[in-house]
Structure formats: C-alpha cells, structure tokens
Amino acid sequence: MEYNCYPLGENAVLIELGKEINIETHQKIKGIAKFLNDNPPEWMIEYIPAFTTLTIYYEPYYIYSTFGTENIYEYVCKEIKKLLLKIPIGDENEPRNIEIPVCYGGDFGPDLEVVAEYNQLTPEEVIQIHSSGEYIVYMLGFAPGFPFIGGMSEKIATPRRKTPRLKIPERSVGIAGMQTGIYPIETPGGWQLIGRTPIRLFTPENNPPTLLMAGDKIKFTPISYEEYVKMENELL
Amino acid sequence: MITVKRAGLLTIIQDLGRCGFQKYGVIVSGAMDQTAHRIANILVGNDENEPTVEMTLVGPTFQFQEDALIAICGGDLSATINGIPVHLWRPIYVKKNSELKFSACRNGCRAYLAVAGGFKIDKVLNSKSTYLRAGIGGLNGSALQTGDQLSVGHYSILAKKISSSLSKQVKNGYFESKWGVNPKRLTATQHKNIKEIRVIRGRQYDWFTEESQKHFFRSPYTITNQSDRMGYRLQGAKLTLATEQEMISEAVNFGTIQVPPDGNPIILLADRQTTGGYPKIGQVIQVDLPIIAQAKPGEKLCFSEISLTEAHYLYMEREKYINEIKNGIQLKFN
C-alpha cells in the first residue's frame, strides 16, 4: 500500500493514501479504519477517516513512558508501517445500505426552484435525479454526523448561495456544487436546500451517535408531506 | 450543592474533551486551557479529567450550600471569598454559606474552578464537556445560568486528606493552603505586548508564497473580536498561496492554523470542527496552547518556528513536571 505520513502536531499523524477523491482511495481508508476499529493499537486515542487521508491521534507521553523512546514520531511511523502490512487488500466488506426518506420542496426545500432553474430542469426532474442516484458516504465532518457524500449527478450541481443562511434547520437536505449533504444539527450554512428528512442523523444518547458512517451506501427516497409528518412523529 | 448566583459572560462545564468520536464528526470540546484545568483538579485530589467550571473574562458568583475543597487556576479574574481576595493555583477549603465571587479580568482570559469530588452530571458520549452548538454535555447542554445548582460528587481519598488538613484553620469562612503550584514552570508566562507562540510548519506550508512564509514567522497578528472557543480569527499580513490548489478536507487539530481564501489565519481551538478544507500553514505546539487560551481579542501574537522534535521534548518536560506535582501532593498526604 502506497502512503505518506505527515505530523499534525505532537499528538497526531496524518496518513495520506491518495491525491484525489476516488473509490480506490476510499476503499483503502475504509480498510484501515476497519482494522483500527477491530485492532486498536494501545498507543492510539482515536482516528479520523477523510477523503484521501486517515489521521491517528495518540498520547505522546504514553509512548515515551511505555515504550521508552524519545523519538515519538519515528516510533509512530514505524508502527503504522507494520500495521499497514497487516491490512488485507481486496478483502472488501459489503457496505451498509441506508435509505433516507426526503420530503422535497415546499418550506423544507426553499431552494428547489433555484436548483431547477440553474440547471434548466423542472423541480420534478431535480427530485427524480436526486432520488435515483446511488451515493457513498466518504467521510463525516463539519458537524456531528454530517456526511460528505459522493456520487451526485452533474445535472443538478448548483453553486452555494452567495449569502449563507444564519440558521439551517436540522435534517435539511442540500446541494453545494457537486456535493449533496444533510445537516444533522441546526447550523449556519450556504447550501441550496431542496428538502428535509424525518430521520435523525445525530443522536448523542446512542453509541455510535450517528446514523451514517464513512463507507455507507445511501439512497434518497421521495416521500409526501403527510408521510413526513407521520414518520417524524414516530421517530422524534 | 453550589448555586450560581450570577452567571458571568460564558461560564461552562468542561473536562478534557469528548475523545473517540471524531470519526463520527463529533467535536472534541474540552477546556481551552487544559493545563490550568488539570492542575486545578490535581490540587483538590481529583482525576485530571473531572469537569471544572471554565469562566471567561467576566466571572460568575457562586454560593456554597456545603463545605467544599476548591482550586482556581488559569487567568486572574479577581477571585474573592466572602469579599477577601484569594490566591490562584492552591487548594482552598470553603465553609458552607460562603460566597465565591469573580470580577474584573486582571490577567489572562479564562479561569478554571475545580471542586473536590467533581460535579454530578451525566456524561454524553463519555464526556461532561459542554458543546453549545449541539446542545450536549454540561448542565442540560448549555452554559451555566443564574440560579443553576451544581451537585458535588464523591471525594477521593487524597481529597479527604487535603480537605481535613485545611478545615481546621478556617477563618472568615475559608482557609487557603500555604502550598501551591508555580504556574511559571508550566507555561511560558508572557507579559509582553506581543505574545510569542511556537509553531511547527503545517502540511501545506509550502503552498504559500515565500513572502507569506516570511510574514507568518515575522509579523505580529492581532486577535480579532471574531474569536471564540472554536477558533481565533487573526488579522495581520495577509497570507497567499503561490498557486491556486484544490484542498481536500482532512483532519485538523487543537492549535492548527489554517488560512481561508481571504488570507487571514485562523487558529482552531477546543470547539474546532473535526476536519477542515483550508490550507494549514502551521500548528501551535501543545505547551503554548494555554498562552493562546489566555489571550484576549485585541492582543497580538507573533509566531516562531520550532521543530517537531523540540516540541516533543517540551511536551515531555511539561508532563514530567505535572507528574512531579502529582507525586509531591501524594507524598505530602501519605
């Protein structure tokens, strides 16, 4: 496995596995994340998988006092080298398939018309294209449970709003450039909002606290406003 | 029970952070000045991760409904007990019905109040740290409000020993120990107009123009008003990329200095996002993070370069000193 290590301060090392976002790099990162999850090294605190990198956090003093080395970063890089050799290549686990119901347009999707107009489509066509795609969650970041999703059709790509909204309601589904995403908590943001899901993406009482995880496959299913209200009442 | 009589500007419960959930995009949070937080806990015989109360610039007032063993560390917010000024960095025994009041900020920005036994609060995702944006942790996910009440947990064996040694000499409703910690050995205390911050080069340091690289390590940067627990926005010589490069979001850390397209650097702090998409020009070293946490808007910072090896050396020295403090207190009460 080809990779490069870079320090991210005294307590983290960033492993770069590719220079651009693609499925191959994503699979490698998923493989490493799974391995770390199942076999956490004793010096590791936690890890963050991202598009082309995976970052491991550690406690430098633990390494110093447990393994008696002053070359902390060297030690960590050597351990990573050993660890990456153990990771099976091509042993791909089936991704989880998650369906996300979305009530498109109306008050939930105030920018659906904008997306349609920008791409010279009707709102119905935007919904059809958005809900027929197969998507992959590359990573979670930005906010708790916020998925960075790949696989959206170019036909509905729309630039961000010039002025971000100060408050985007939680569970809003939006588009920003070539990306689509869902806001797990209320935050400010510049995405074009096209709908809302009744499903919670971040439940801090649960472990894991998020509906989605890096590597998941997702599909959006259009639902009516009545179905939305019914599901929201059942779920929240 | 401890009652919040007046809440102050931003008074929040923090521990050492919500670790282990960053892969789900969950923000770490935790005390901004982790050294002050840890020492405050150590002085009252607590585990270092017990939650403390973090107070910012304008401090709160507390009323004690029971006897307590406390320590205040970090910035100087003019703490008084029953109207009498008390010292920072030492354990203090406080009698029931006493009032602990913080007022003007004389030095630094954030003070930490540790209470022996910690606070009885439910953990959310393995931490008691408050993360305001998601409304989780602390007391009902929010900052402390006037009228809130904090329940104190069980004392450790060491806390009981420290407490009983001080309780015999109470005067005016409290007693301060004669011993404490000298903070000068923990953090390079700086009273200069420009605070010097040591920085390791960031992963995208080479992306910046030679001129920007020079400016970054030479010119002063002012902390703007747009600064909070998430990050400090700085103003100074603008930093520009040599060529436009696409940056793919990747992990960031406490103290990461990233540069958005407007060229004004941002230092990411306790409530930072887990990942970021702006080029990282540098990384503040761990032992200098408390200097940042204690710096206020309007103050100036100046960055100087240090190697990772040196930074690790300084980190170990600090940890060894904190261990010395812990062992010293243990021995004293054995």
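First the proteins, then the strands, lettered A, B, ... as listed; each starts at 1. These numbers were taken from a predicted model, which means no experiment stands behind them.
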Portion of A:F202 that has a non-hydrogen atom of chain B nearer than 4.5 angstrom: side chain
Closest non-hydrogen atom pair, B:Q283 against A:G9: CG-CA, 3.4 Å
Interchain contact, A:P60 with chain B, by part (heavy-atom threshold 4.5 Å): both
Contacting moiety of A:N206, where chain B heavy atoms sit under 4.5 Å: backbone
Part of B:K320 within contact of chain A (heavy atom distance under 4.5 Å): both
Heavy-atom proximity to chain B below 4.5 Å, by part of A:L8: both
Engaged part of A:N37 at the chain B interface, taking heavy atoms whose separation is under 4.5 Å: side chain
Interface moiety of B:T309 toward chain A, non-hydrogen atoms closer than 4.5 Å: neither
Heavy-atom proximity to chain B below 4.5 Å, by part of A:A214: neither
Chain B contact via A:E74 - side chain, backbone, both or neither, heavy atoms under 4.5 Å: neither
Under 4.5 Å from any heavy atom of chain B - which part of A:Y64: side chain
Under 3.5 Å: donor-acceptor pair, side chain of B:H312, backbone of A:E70: no
Contact class of B:I136 relative to chain A, heavy atoms under 4.5 angstrom: side chain
Separation of A:E10 CD from B:I306 CD1 (nearest 0.5 Å): 8.0 Å
Under 4.5 Å from a heavy atom of chain A, the part of B:V252 involved: backbone
